[in-house]
Visitor: 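Provided herewith is a single structure, encoded as structure tokens, for subsequent inquiry.
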Number of protein chains: 2
Amino acid sequence: MLISVNLQSDVPLYTQLTNQIIEGIASGRLAPGESLPSVRSLSSDLGINMHTVNKAYAILKQDGFVEIHRQKGVVIQHDLPVADAAYRTSLEEKLRPLISESICRKLSEEELLNLCRSLFRQIQTDS
Amino acid sequence: MLISVNLQSDVPLYTQLTNQIIEGIASGRLAPGESLPSVRSLSSDLGINMHTVNKAYAILKQDGFVEIHRQKGVVIQHDLPVADAAYRTSLEEKLRPLISESICRKLSEEELLNLCRSLFRQIQTDS
DNA sequence: TCAACTGTTATAATACAAATAGAACAGTAA
DNA sequence: TTACTGTTCTATTTGTATTATAACAGTTGA
């Protein structure tokens, strides 16, 4: 899967990486068991530091999206983490300010739901 | 409206403030024309620095949610900003990683939409 | 007029996170 | 052995978040 970073963005580089990899899993472009590039090769390809890639991989490992095989390096987990109560709470806390502002800006409930539905399907079928 | 901050949170204080005020507008607890506490009184009440509150107010002013009256201080805008194309794009960029992870965690499209709908109505009617 | 309040600005210091840099270690594969 | 894997260590630079003090211009009410 093709991975890139935007040095101008205010989103931290390691967050850009984790976001892209998680979207890759969601879309099926990254299948369970598949290997990710090594920290050294990916950092070299992107022109960024090794430790930045390592931090992204460490977060993905921490959250249960990847596991480390001494042989194959970093591979996508077969048993991906599921949406438990704690996750749903944190998701709500992240959605709340976004939905609040959309209400202020007179986005209707239907428009918001259509946007979410459209994104959901676009990500899921973007393999 | 009651405003509070969580010093333990990893969300910046000024972001906590802007989020709460925007949610207050969305819910109707803060009506257009209504005044916000002065930077000095609010910072004193919350036990934080004046500049932190001032930064939050400056962002709200920048985004068009409040205006400055030399007499009344900081008041909620009558003509609130609307959801233009630029806003929709930025909203999509913020929703995308959240939805991607929810797909990874096997949250169904219906569950996600129900959560968004529930939040939308809860915020809107929470006055 | 005077005192008390408004937002605003300037300067400085502290603390922390993000990113980079160079180096080394333990384990594994060809 | 050589070359690769993730991991860890120390150090530096940069930028943001937060606090601290101070001052300014304008407004309000006594």
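Labels below follow one simple rule: chain letters A, B, ... track the order of the sequence lines, proteins then strands, and each chain is numbered from 1.
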Visitor: Of the nucleotides C:dG7, D:dC9, C:dA10, which has the atom closest to the A:H51 side chain?
Guide: D:dC9

Visitor: Taking only the side-chain heavy atoms of B:N49 (C-beta and beyond), determine which of C:dT8, D:dG6, D:dA20 contains the nearest atom.
Guide: D:dA20

Visitor: Given C:dT20, C:dT8, D:dT7, which nucleotide is nearest the side-chain atoms of A:R40?
Guide: D:dT7

Visitor: Any side-chain N or O of A:K61 less than 4.0 Å from the OP1 or OP2 oxygen of D:dT7?
Guide: yes

Visitor: Inspect the contact between A:E101 and A:R105 and indicate whether a charged nitrogen and a carboxylate oxygen are less than 4.0 angstrom apart.
Guide: yes

Visitor: If the threshold is 4.0 Å, N to carboxylate O, is there a salt bridge linking B:R121 and A:E109?
Guide: yes

Visitor: Could you go through the side chain to side chain contact (heavy atoms under 4.5 Å, CB included) check for A:L60 and A:I22 one step at a time?
Guide: CA-CA 8 Å; A:L60 290 170; A:I22 288 176; 3.8 Å; yes

Visitor: Using a 6.0 Å cut-off, check whether atom CG of B:D84 has over 12 heavy atoms from anything other than its own residue.
Guide: yes

Visitor: Would you say D:dA17 has OP1 or OP2 under 4.0 Å from some side-chain N or O of B:K55?
Guide: yes

Visitor: Taking only N and O in the side chain of B:K72, is any of them less than 4.0 Å away from OP1 or OP2 of C:dT6?
Guide: no

Visitor: Look at the side chain of A:V74 and decide which nucleotide, out of D:dG6, D:dA22, C:dA18, has an atom nearest to it.
Guide: D:dG6

Visitor: Side chain of A:Y14: nearest nucleotide among D:dT7, C:dT8, C:dA18?
Guide: C:dA18

Visitor: So which nucleotide from C:dA19, D:dA17, D:dA22 ends up closest to the side chain of A:T52?
Guide: C:dA19

